[in-house]
Chemist: 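Here you go, one structure.
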Amino acid sequence: GKLARPARRKALEEFLGQRNEEFGLTFIEVYDLSGNVLARAGDPTLGGERGPETEELAGVLRGEEGVASLRYARGDVVR
């Protein structure tokens, strides 16, 4: 979308920050079609340089809808 354009990166980060607070998330990331991180919001100690290499992400990149939740000791990951 329009927020993914490099010139709109700050607007994307602000949008993510708003959604992060609205939904009470600890952390949120957005990836490009290659799996690289476009923007993030929340706890700066979390996340990485690339998105997860999972079948769920591969399906989304093919245009399929999907949601997956993973439980960890310190919280849940929702993809």
Side-chain angles (χ1 to χ4, degrees):
K2 293 179 182 179
L3 288 179
R5 295 179 185 156
R8 301 281 296 157
R9 192 67 37 91
K10 186 69 176 164
L12 176 58
E13 290 171 356
E14 290 173 5
F15 175 79
L16 291 179
Q18 293 168 356
R19 293 305 171 265
N20 197 54
E21 289 182 27
E22 179 181 342
F23 293 110
L25 305 172
T26 302
F27 182 73
I28 187 171
E29 282 183 326
V30 172
Y31 312 107
D32 66 15
L33 293 176
S34 298
N36 298 307
V37 176
L38 279 179
R40 57 182 61 152
D43 187 337
T45 66
L46 299 175
E49 294 303 313
R50 288 191 49 80
E53 301 293 334
T54 65
E55 185 56 35
E56 292 90 2
L57 181 58
V60 169
L61 294 177
R62 289 190 299 267
E64 300 169 10
E65 292 187 26
V67 175
S69 297
L70 305 170
R71 295 197 181 272
Y72 292 93
R74 296 182 64 201
D76 298 343
V77 173
V78 180
R79 298 184 183 150

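Excluded from the calculations below are hydrogen atoms, water molecules and symmetry mates; all remaining heavy atoms, backbone and side chain alike, are included. Values in this document were obtained by computation on a predicted structure and should not be read as measured data.
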Chemist: Given V30 and L16, is the side chain to side chain contact (heavy atoms under 4.5 Å, CB included) satisfied, shown in steps?
Modeler: CA-CA 9 Å; V30 172; L16 291 179; 3.5 Å; yes
Chemist: Nearest 0.5 angstrom please: N20 CG to F15 CZ, how far?
Modeler: 11.5 Å
Chemist: Is any side-chain heavy atom of Y31 less than 4.5 Å from a side-chain heavy atom of L38?
Modeler: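 In short, these two side chains do not touch, never coming nearer than 4.5 Å.
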Chemist: Quick test of your reading: applying salt bridge (Lys or Arg N to Asp or Glu O under 4.0 Å), list the pairs with at least one residue in residues 12-28, sequence neighbours left out, ordered by first then second residue.
Modeler: R19-E22
